[in-house]
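The structure appears below as structure tokens.
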Amino acid sequence: MALGFATLLATASLPAQEAGPSQATARATPPSAYWRDRWRGWHFYEDPAQEGEQIPEPTPAPSTAPAQPPKARIPELEEFARLQKTLEEYRNIAIIRPTEANVRRYMELESRVVGQASAFADMAKRVAWATPELDPTLQGRPVNAKALEVFDETQRAERSRTVAQLGKDHVLFFFYRSDCPYCHAFAPVLEAFQARHGIQVVAVSIDGGPLPGFPGARRDNGIANALQVSQVPAVFLAQPFTGQITPIGFGVLSESQLLERIATVSSPEGQAMLPSATRQVTLP
């Protein structure tokens, strides 16, 4: 034991340069901490690497996404892009340096582009003539004078039937003032409208005064205030037994305007378009 203790003291008293190469290397190179390798995870333990052993690096997972093939370029689109870019460049050059050559070059190219657009327009017309569903003149309101006359008459007849059907359980409230010249001008239109299309017009006098053509006009009992009628003449479409009332318009309206507006606001599409316009009011 004494001999072993002496040997240990002798070894410890040696200077660092006299120590063996393995011991110097061990002191110079600190052991690697496994928690510094983040890719291994926090809760990981492994035996320390032996001398000369290499720690394998993590292998990235192969990509499973299929390679996208390059998108084929359409020659016509490439030609259009080149033409558009060239035209813009020629124009910009002509603006910055408006010499005769630059302006002429731009105008010649622009003329070519206009010619191609004109050819497209001609072809589009031919296609429309041969394909009724693509002809814009056959969609909606026609542009031909004779066809427009037929269209208006047909639409008027359809709207008149709609108003006559509404007249079975609807009325028109006509709010007026006896001192309003526009109300006096509008009264004959409403009187004729009532006789022609079969819907009753109920005149309501805001100031209590009379109006020619409506001798049975009613005095306002507060309904004008409930409907916030601030301008006369005013026309509302009302269904008395449900209390639903919808504004038709303010000011002097023609017969065709009345037909159009009544048919529109009474349709499901028109009601869905502006549901807040229809109000629920207790009618007398």
Please name all residues satisfying side chain to side chain donor-acceptor pair (under 3.5 Å) with Asp135, sequence neighbours left out, ordered by chain then number.
Thr137

Just checking Phe175 against Phe236, ring centres under 6.0 Å apart?
yes

Clusters formed by hydrophobic residues whose side-chain heavy atoms approach within less than 4.5 Å: which one holds [X], and what are its other members?
X: Ile93; answer: none
X: Leu138; answer: none
X: Leu274; answer: none
X: Tyr90; answer: Leu83, Leu87, Val103, Tyr106, Met107, Leu109, Val113

Examine the side chains of Thr242 and Gln239 and answer whether a donor and an acceptor come within less than 3.5 Å of each other.
yes

Is there side-chain contact between Leu134 and Val127, with at least one heavy-atom pair below 4.5 Å?
yes

Pro215 versus Pro210: any side-chain heavy-atom pair under 4.5 Å?
no

Please tabulate, for the side chains in residues 143-153, all donor-acceptor contacts under 3.5 angstrom to protein atoms that are two or more places apart in sequence or on a different chain.
unit_1, atom_1, unit_2, atom_2, d
Asn144, OD1, Lys146, N, 2.9
Asn144, OD1, Ala147, N, 3.1
Asp152, OD1, Arg141, NH1, 3.2
Asp152, OD1, Arg141, NH2, 3.0
Asp152, OD2, Arg141, NH2, 3.3

Scan for salt bridge (charged side-chain N to carboxylate O under 4.0 Å, His left out) pairs involving [range], sequence neighbours excluded, and state none if there are none.
range: residues 187-215; answer: Arg196-Glu255
range: residues 158-182; answer: Arg177-Asp179
range: residues 87-107; answer: Glu100-Arg104

Applying ring-ring contact (aromatic ring centres under 6.0 Å, His included) to Phe193 and not counting sequence neighbours gives His197

With sequence neighbours excluded, tell me which residues meet ring-ring contact (aromatic ring centres under 6.0 Å, His included) with Phe186.
Phe174

Say whether Leu172 and Phe214 are linked into one hydrophobic cluster, either directly or through other cluster members, by side-chain heavy-atom distances under 4.5 angstrom.
yes

Side-chain polar contacts of residues 256-265 - donor-acceptor pairs under 3.5 angstrom, sequence neighbours left out - could you list them?
unit_1, atom_1, unit_2, atom_2, d
Ser256, OG, Ser254, OG, 3.1
Gln257, OE1, Ser254, N, 2.9
Gln257, OE1, Ser254, OG, 3.4
Arg261, NH1, Ile248, O, 3.3
Thr264, OG1, Glu260, O, 2.7

